[in-house]
Amino acid sequence: MKDHYKNLFEYESWANNEIAVSLSANVEIPAKAVSLMSHIINAQMIWLSRMQNDSSEIKVWQEYGKDELTDKLKISSEKLAGFLNSLSENDLNKVISYANTKGEKFETILSDILIHMSHHSAYHRGQIITLIKPFVSELPYTDYIHFIRIIKK
């Protein structure tokens, strides 16, 4: 099962990078699209901190310049990949205790957090695509099946 999550986040890293590259390559991009991509990166780092029981202060809606997105994403993706590589199969069933951004306390199984992270990014990538559609000549193609067929080949 660990390999499943490693593959899923390899896809996540690729798909998020496709979006970040598109945002940085185009002059006229809605600020909300950059804000959402920043949020994807920040949320990834927040969840990573929670899973590692690290108390790092990361702002959910801290915004980066569009030219910073690929570098910030690379850092967060590499940290997440390192974390996933360090896990054992049993770690996926570990209960993680954390507080959300409102200070509410929760306990969630690690594998459920990983699923949430993947769905969260996909949701916001969809929003970004909708926002940038009128501004780019070619939309980033980030379907999982494309990743498996062409990119991962």
Side-chain angles (χ1 to χ4, degrees), residues 1-26 29-87 91-133 135-136 139-144 146-147 151-152:
M1 200 60 172
K2 177 181 166 181
D3 287 340
H4 167 75
Y5 290 104
K6 287 171 61 176
N7 185 62
L8 182 62
F9 283 94
E10 187 178 335
Y11 159 71
E12 283 292 312
S13 177
W14 168 80
N16 288 338
N17 189 66
E18 290 292 299
I19 298 290
V21 166
S22 179
L23 293 176
S24 65
N26 288 283
I29 293 296
K32 183 65 174 174
V34 175
S35 175
L36 287 167
M37 190 68 233
S38 298
H39 174 67
I40 289 171
I41 296 165
N42 295 332
Q44 191 174 67
M45 292 305 296
I46 288 168
W47 280 110
L48 183 59
S49 292
R50 290 172 180 165
M51 292 184 294
Q52 294 178 317
N53 198 25
D54 177 9
S55 59
S56 296
E57 290 289 324
I58 302 162
K59 293 183 172 95
V60 177
W61 290 103
Q62 176 180 339
E63 291 190 33
Y64 305 111
K66 69 178 188 160
D67 295 331
E68 296 178 275
L69 294 173
T70 55
D71 289 338
K72 296 286 186 184
L73 183 60
K74 182 178 182 196
I75 292 166
S76 68
S77 295
E78 286 175 356
K79 286 182 178 182
L80 184 57
F83 173 73
L84 290 171
N85 285 328
S86 75
L87 295 176
D91 288 335
L92 294 170
N93 296 315
K94 182 178 174 184
V95 175
I96 305 297
S97 299
Y98 60 93
N100 68 8
T101 56
K102 297 176 185 175
E104 300 165 325
K105 296 190 185 298
F106 295 95
E107 291 185 341
T108 307
I109 295 171
L110 178 62
S111 59
D112 288 336
I113 291 172
L114 295 172
I115 292 167
H116 166 75
M117 290 173 67
S118 173
H119 287 69
H120 177 263
S121 292
Y123 171 76
H124 288 306
R125 283 195 305 270
Q127 289 179 310
I128 293 168
I129 291 293
T130 300
L131 287 167
I132 68 172
K133 192 172 187 175
F135 298 93
V136 299
L139 288 171
Y141 186 48
T142 60
D143 283 356
Y144 180 77
H146 176 71
F147 172 76
I151 306 303
K152 182 103 179 181

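Keep in mind that this is a model prediction, so the values were computed, not measured. Side chains included, hydrogens not; waters and symmetry mates left out as well; all remaining heavy atoms used.
Using modelled atom types, no side-chain atom of K2 and backbone atom of D91 make a donor-acceptor pair closer than 3.5 Å. H39 places a side-chain N or O within 3.5 Å of a backbone atom of V60 that can act as its donor or acceptor partner. Between the side chain of N85 and the backbone N or O of A81 there is at least one donor-acceptor pair closer than 3.5 Å. Looking only at distances, no side-chain donor or acceptor of S121 sits under 3.5 Å from a matching main-chain atom of S118.
Using a 4.5 Å cut-off on side-chain heavy atoms (C-beta onward), F9 and N16 make no contact. When side chains are defined from C-beta on, E18 counts as touching W14, because their heavy atoms get closer than 4.5 Å. Within the 4.5 Å cutoff, the side chain of L8 has no heavy atoms near those of the L114 side chain. Between E10 and F147, some side-chain heavy-atom pair lies under the 4.5 Å cut-off. Side-chain contact check for N100 versus R50: some heavy-atom pair is nearer than 4.5 Å. Annotation: side chain of L87 is not in contact with side chain of Y5 (no heavy-atom distance under 4.5 Å). Residues S49 and E57 have side chains not in contact (no heavy-atom distance under 4.5 Å, counting atoms from C-beta outward).
A distance of 9.5 Å separates CD in E12 from NE2 in H119, rounded to the nearest 0.5 Å. In this structure, S22 OG and I129 CD1 are separated by 6.5 Å, a value rounded to the nearest 0.5 Å. Here CG of L36 is found 5.0 Å from NZ of K32. Values are rounded to the nearest 0.5 Å. Interatomic distance, CD1 of I40 versus CG of L73, reported as 8.5 Å (0.5 Å rounding). The line from CD1 of I151 to OG1 of T142 is 11.0 Å long, rounded to the nearest 0.5 Å. One finds the NE2 atom of H120 at 9.5 Å from the CH2 atom of W47 (value rounded to the nearest 0.5 Å).
Within 6.0 Å of the CG atom in N53, the count of heavy atoms belonging to other residues, nucleotides or ligands does not exceed 12. The environment of OH in Y123 is sparse: at most 12 heavy-atom neighbours from other residues, nucleotides or ligands sit within 6.0 Å. Under a cut-off of 6.0 angstrom, the local environment of NZ in K74 is sparse, with at most 12 non-hydrogen atoms contributed by other residues, nucleotides or ligands.
Aromatic ring orientation, H146 versus Y141: tilted (interplanar angle from 30° to 60°).
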Check: Do V136 and I29 pass the side chain to side chain contact (heavy atoms under 4.5 Å, CB included) test, and can you show the C-alpha distance, the side-chain angles, and the key distance before you say yes or no?
Finding: CA-CA 8 Å; V136 299; I29 293 296; 4.1 Å; yes

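For Y64 and N42, the side-chain atoms include at least one donor-acceptor pair closer than 3.5 Å.
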